[in-house]
Amino acid sequence: MYRDPTTKSGIVHLGLGAFFRAHGAIYVAEAGGWGITGVSLQSSGTRDRLKPQGWAYTALELGPDGEKPQVVTVLRDVLVAPEDPQAVLDAMAAPDTHIVSLTVTEKGYCHEPSTGRLNRDHPDIRHDLENPLPKSAPGFLVRALALRRDAGLPPFTVLCCDNLPENGRVVRGVVGELARLIDPALADWIAAEGAFPSTMVDRIVPATTPADLDRLEAMTGTRDEAPVMHEPFRQWVVEDRFCGPRPAFETVGVQMVADVTPFEHMKLRMLNGTHSSLAYLGYLAGHETIADTMADPVFADFVRSLWRDEIIPALTPPPGEDLGAYAGALAARYANPAIRHRTWQIAMDGSQKLPQRILGTIAESRAAGRAVPGLTLAVAAWMRYASGRDEKGAAIEVKDPLAPRLAALWREDPAQTVAGFLALAEVFPPALRDDAGFAADLVAALTGLVRDGAGDGGGP
């Protein structure tokens, strides 16, 4: 595979997973003039697969009408943080680095999702407070910014690309809080000089399978050990608030805006909220993928009712957006048979995702006197899923930072289960923890779900 060696790396990206390589990296490549140094914060697998290929990889578009491969050559290097954290800090502190972007998932910010505050008891944060070589993403940001300040360099722009509401504000808060615990003067410098624009990202990126590697090799004649799969649709909305140079994103379709909030609310609640709802209910009903779930008329009707009756009434449309048309486009994307987006994959980290994707809509709707039976059912399905046993008693591999605690909350009595889950301050905001009506609705939904099953009377 070919790699252009002439463009320097101006971006360091923390969390070089499939999503960024199928989304942000392609935009950067198309804008031209910028290279990316990727950083794996946990394991060497991505580096080990990409290095023999000169850091190039194939992005395969999966459309209803066929597949289109594209070779992406924007990566310049991939570092593995646990192997050499100093090398990561040096890359972030280099004069040519102007942006540090991140896709580390909600849990990677070591914050409390219900409040947005730094979780000071997180083991990685405790480590980073006591050691100059960090483990966490916030720790790397703070220590690298300290190196830049001490070298007389300006800060880099921190560009969060994760599905968090007001993600720039959240990361600014977490970084500022950690910096203040380490060096108050550093926190003041970051607050005065730094930039944390919020963003909204959207592209469905299913997990790559061994069969995908074989199929791609047959298609292109070249073996690629690190391809990414993606749908045709893509969207990136970015607040134009950088403290240094940036790629010409606006020339390649990135929407550069003053305020990303209405766009992210639209996406988090209409796409991510229904994605999670379909994932939990669909998995429990025996559907392997979102496309399989959407092929079931019961679930297709359910998700359309979520948009029409519960989510859209709680949203303010972003400038130029038609929420009804957006819902129709989402339904078509979900039903794309070429996208094998597993319900189990989307169901990961529910304790981190639900506050942003579903619980905010529920809290606002209940405060306004609007009923939200479908979203309440989705929360009940998450509780059932998080118990670690499906409707037939088979074990579920629950991937969640709170997995052991969640499984321990399950009781035969739905009322006891609901009471235990609602006591999770990390997940449920006070408005819902203290809402007796919501608790009663949740008990009723969970009771029906246990009695009738996700795909039958207790489901949608």
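For Q42, the CD atom is loosely surrounded, since the number of other residues' heavy atoms within 6.0 Å does not exceed 12. Counting heavy-atom neighbours within 6.0 Å of R308 CZ, excluding the residue itself, gives a total above 12.
Between the CG atom in L102 and the SG atom in C160 there is a gap of 6.0 Å [rounded to 0.5 Å]. Here the CD atom belonging to Q356 is positioned 10.5 Å from the CG atom belonging to N167, to the nearest 0.5 angstrom. Going from atom CZ of R384 over to atom OH of Y280 covers 15.0 Å, rounded to the nearest 0.5 Å. Note that the CG atom of L271 and the CZ atom of F233 stand 8.5 Å from one another [nearest 0.5 Å]. The OH atom of Y57 sits 8.5 Å away from atom CD of Q70, with the distance rounded to the nearest 0.5 Å. Taken to the nearest 0.5 Å, the CG atom of L432 stands 5.0 Å off from the CZ atom of F438.
With T293 contributing its side chain and H287 its backbone, the two residues share no donor-acceptor pair below 3.5 Å. A donor-acceptor pair under 3.5 Å is formed between the side chain of W307 and the backbone N or O of M270. For the pair D162 (side chain) and L164 (backbone), a donor-acceptor distance under 3.5 Å is absent. Remark: side-chain polar atoms of T37 are not paired, donor with acceptor, to backbone N or O of V12 under 3.5 angstrom. Checked by atom type and distance alone, the side chain of T58 never pairs as donor or acceptor with a backbone atom of L60 at under 3.5 Å. Checked by atom type and distance alone, the side chain of E193 never pairs as donor or acceptor with a backbone atom of P155 at under 3.5 Å. With hydrogens and angles disregarded, no donor-acceptor distance shorter than 3.5 Å links the side chain of S365 to the backbone of I362. Checking side-chain atoms of D400 against main-chain N and O of S351 turns up a donor-acceptor pair under 3.5 Å. At distances below 3.5 Å, at least one donor-acceptor pair connects side-chain atoms of D322 with backbone N or O atoms of A325. At least one donor-acceptor pair closer than 3.5 Å links the side chain of T417 to the backbone N or O of R411.
Using modelled atom types, one finds no donor on one side chain facing an acceptor on the other under 3.5 Å when comparing D441 with T376. Between the side chains of S40 and R47, no donor-acceptor pair of N or O atoms lies under 3.5 Å.
Every pair passing side-chain hydrogen bond (donor to acceptor under 3.5 Å, both in side chains) that includes a residue from residues 10-23 is listed here, sequence neighbours excluded: H13-S101, H13-T103. Residue pairs meeting the salt bridge (charged side-chain N to carboxylate O under 4.0 Å, His left out) criterion with at least one member in residues 229-244, sequence neighbours excluded, are E30-R234, E231-R333, E239-R241, D240-R246.
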Worked verdict on K353 versus N163 for side-chain hydrogen bond (donor to acceptor under 3.5 Å, both in side chains): CA-CA 8 Å; K353 295 174 178 177; N163 285 315; over 6 Å; no
Pair R120-E177, salt bridge (Lys or Arg N to Asp or Glu O under 4.0 Å): steps then yes or no: CA-CA 9 Å; R120 300 185 185 191; E177 193 173 345; 3.1 Å; yes
Salt bridge (Lys or Arg N to Asp or Glu O under 4.0 Å) between E288 and R340, worked out: CA-CA 8 Å; E288 183 181 359; R340 304 291 295 171; 3.7 Å; yes
Audit row: D212, T209, side-chain hydrogen bond (donor to acceptor under 3.5 Å, both in side chains) steps and yes/no: CA-CA 5 Å; D212 292 328; T209 68; 3.1 Å; yes
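Under the side-chain hydrogen bond (donor to acceptor under 3.5 Å, both in side chains) criterion, D259 pairs with T261, sequence neighbours left out.
For H275 and Y334, the ring centers sit closer than 6.0 Å to each other.
Contact record, V175 with V142: O-CG2, 3.6 Å, taken as the closest heavy-atom pair. Nearest heavy atoms, R49 versus A226: CB-CB, 4.0 Å. Summarising the geometry of Q255 relative to F263, their closest heavy-atom pair is NE2-CE2, 3.8 Å, with the distance given to 0.1 Å.
The side-chain heavy atoms of L278 and T343, taken from C-beta on, include no pair separated by under 4.5 Å. Side-chain contact between T361 and E310: absent, with no pair of heavy atoms (C-beta onward) separated by less than 4.5 Å. Using a 4.5 Å heavy-atom cutoff, the side chains of L62 and P206 are in contact. V174 is listed as a side-chain neighbour of P138, based on a closest heavy-atom distance under 4.5 Å. Taking the side chain as every heavy atom from C-beta outward, L141 and F156 approach each other to under 4.5 Å. With a 4.5 Å cut-off on side-chain heavy atoms, T105 and M348 do not count as touching. Inter-residue side-chain proximity for I99 and P247 is flagged as met; some heavy-atom pair is nearer than 4.5 Å. Residues V201 and W236 meet the side-chain proximity criterion, which asks for heavy atoms closer than 4.5 Å.
Partner F196 forms a side-chain contact (heavy atoms from CB on, under 4.5 Å) with one of I190, V170, L159 and no other, that one being I190.
Classified by interplanar angle (parallel below 30°, tilted 30° to 60°, perpendicular above 60°), the ring pair F249/F242 is tilted.
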